[in-house]
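Here is the structure we will look at, set down as structure tokens.
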Amino acid sequence: MIRELTINDFEIVESIVAKLHKIHVDNRPDFYIKNEHPIKKKEYKAMLNSKDKINIAYIVDDRIAGICLATIKDKIEKSIYIDDIFVLEEFRHQGIATKLYKQVESIAKDIGAKRIDLTVWQFNKTAMKFYESLGMETQRKILETRLE
């Protein structure tokens, strides 16, 4: 079942965001600073109260198995930017991330959005393969030369 996140979900959402943040820190410490609490309760409350945010969870046996946090953009044309999709390891390979994505896609269509965007790091091959399986295509590439 998919439902909107609530203030009571803060602790589990904080731990999920911390797990995702750690993946980024481990793979790109030049971009990400180690932080065991990358989301503060004040920021979380603001997300929940924003009309421009989509904050949903997939529930299995009354537990949050995965989350999707997204932002509705309305600059040139309406779009949705997925900030995070993350499924806890014990719940992976059950279609939960796909269901969360499809819910965001449904919301996007309902509000007249023209596209869904997200950023995925090159090191995250599993995520890239997942997003491509949903029909997402590369919009652009950012290239770098790493100078040690």
Side-chain angles (χ1 to χ4, degrees), residues 1-29 31-140 142:
M1 166 183 95
I2 294 176
R3 68 162 170 79
E4 289 194 24
L5 290 169
T6 69
I7 193 64
N8 296 330
D9 299 321
F10 174 72
E11 287 182 15
I12 184 67
V13 171
E14 179 192 36
S15 72
I16 289 171
V17 171
K19 288 176 191 298
L20 180 58
H21 184 74
K22 184 179 182 317
I23 291 168
H24 290 89
V25 169
D26 290 348
N27 286 278
R28 288 306 302 253
F31 269 88
Y32 293 91
I33 297 170
K34 186 176 180 179
N35 183 350
E36 293 179 24
H37 303 283
I39 186 170
K40 308 293 183 249
K41 195 164 195 174
K42 183 177 179 180
E43 296 167 23
Y44 182 73
K45 283 181 183 178
M47 282 175 26
L48 296 181
N49 292 325
S50 174
K51 62 179 178 51
D52 297 327
K53 296 288 187 180
I54 299 167
N55 309 296
I56 56 177
Y58 192 90
I59 308 300
V60 174
D61 296 330
D62 294 325
R63 290 180 54 210
I64 291 179
I67 63 169
C68 182
L69 309 175
T71 304
I72 300 169
K73 306 279 187 173
D74 202 358
K75 301 279 186 214
I76 297 170
E77 65 180 19
K78 192 172 278 190
S79 64
I80 292 181
Y81 182 84
I82 295 177
D83 300 295
D84 300 313
I85 291 184
F86 193 84
V87 176
L88 293 169
E89 212 168 305
E90 65 208 79
F91 296 105
R92 291 186 183 159
H93 307 291
Q94 297 177 34
I96 292 170
T98 300
K99 290 173 184 165
L100 288 166
Y101 177 86
K102 293 296 184 184
Q103 181 68 22
V104 170
E105 187 176 61
S106 176
I107 293 167
K109 289 176 182 175
D110 287 348
I111 66 170
K114 301 297 181 195
R115 64 179 195 282
I116 298 172
D117 300 322
L118 58 82
T119 301
V120 61
W121 284 90
Q122 189 67 28
F123 68 78
N124 200 340
K125 304 288 186 208
T126 303
M128 285 194 294
K129 186 175 178 183
F130 167 69
Y131 294 126
E132 288 168 355
S133 78
L134 295 171
M136 295 192 90
E137 299 173 346
T138 300
Q139 182 187 70
R140 67 184 127 185
I142 298 174

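Both backbone and side-chain heavy atoms feed into the values below; hydrogens, waters and symmetry mates do not.
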Mind checking the CD1-CD1 spacing from Ile2 to Ile59? Nearest 0.5 Å is all I need. 9.5 Å
For Lys40, I'd like to know if atom NZ has over 12 heavy atoms of other residues, nucleotides or ligands within 6.0 Å. yes
Full working for side-chain contact (heavy atoms from CB on, under 4.5 Å) between Lys73 and Asp117: CA-CA 10 Å; Lys73 306 279 187 173; Asp117 300 322; over 6 Å; no
Are side-chain heavy atoms of Ile64 and Leu5 found at a separation under 4.5 Å? yes
Determine yes or no for a side-chain-to-main-chain donor-acceptor pair under 3.5 angstrom, with Tyr44 supplying the side chain and Thr6 the backbone. yes
Does any N or O in the side chain of His21 come within less than 3.5 Å of the main-chain N or O of Ile33, such that one atom is a donor and the other an acceptor? yes
Could you check whether atom CD of Gln139 has more than 12 heavy atoms from other residues, nucleotides or ligands sitting under 6.0 Å from it? yes
Minimum heavy-atom separation for Asn35 to His37, with atom names? OD1-N, 2.8 Å
Verify the neighbour count for atom CD of Glu77: are there more than 12 heavy atoms of other residues, nucleotides or ligands below 6.0 Å? yes
Euclidean distance, Leu134 CG relative to Ile116 CD1, rounded to 0.5 Å: 9.0 Å
CD1/Ile12 to CZ/Arg63 distance, rounded to the nearest 0.5 angstrom? 7.0 Å
Any side-chain to backbone donor/acceptor pair from Ser50 onto Met47? Under 3.5 Å, distance only. no
On a heavy-atom basis, which atom in Ile82 and which in Tyr101 lie closest, and how many Å separate them? CD1-CD1, 3.7 Å
If I compare all heavy atoms of Ser79 with all of Ala113, which pair ends up nearest, and what's the gap? CA-CB, 3.9 Å
SG-CG distance between Cys68 and Asp84, expressed to the nearest 0.5 angstrom: 8.0 Å
Under 4.0 Å between a side-chain nitrogen and a carboxylate oxygen: does that hold for Glu132 and Lys129? no
Would you call the rings of Trp121 and Tyr32 parallel, tilted or perpendicular, where under 30° means parallel and over 60° means perpendicular? perpendicular
Run the numbers on Phe86 and Arg92 for side-chain contact (heavy atoms from CB on, under 4.5 Å), then give the verdict. CA-CA 9 Å; Phe86 193 84; Arg92 291 186 183 159; 3.1 Å; yes
Are any of the side-chain heavy atoms of Phe123 and His24 separated by less than 4.5 Å? yes
Derivation of the side-chain contact (heavy atoms from CB on, under 4.5 Å) call for Phe130 and Thr126: CA-CA 6 Å; Phe130 167 69; Thr126 303; 5.7 Å; no
Measuring from Arg115:CZ to Met136:CE, what's the distance to the nearest 0.5 Å? 10.0 Å
List the steps and the verdict of side-chain contact (heavy atoms from CB on, under 4.5 Å) for Val17 and Val13. CA-CA 6 Å; Val17 171; Val13 171; 4.1 Å; yes
For Glu89, I'd like to know if atom CD has over 12 heavy atoms of other residues, nucleotides or ligands within 6.0 Å. no
Test item: Thr138 and Met128 side chains (from C-beta on) under 4.5 Å apart, heavy atoms: no
Just wondering, are more than 12 heavy atoms of other shown residues or ligands nearer than 6.0 Å to CD in Gln122? no
Restricting to non-hydrogen atoms, name the atom on Ile85 and the atom on Tyr131 that form the minimum distance, rounded to 0.1 Å. CB-OH, 4.0 Å
To the closest 0.5 Å, what do you measure between CD1 (Ile80) and CD (Glu105)? 9.5 Å
Exercise: identify the closest heavy-atom pair between Ala65 and Ile96: CB-CD1, 3.8 Å
What are the two closest heavy atoms between Lys51 and Ile72, and how far apart are they? O-CD1, 4.0 Å
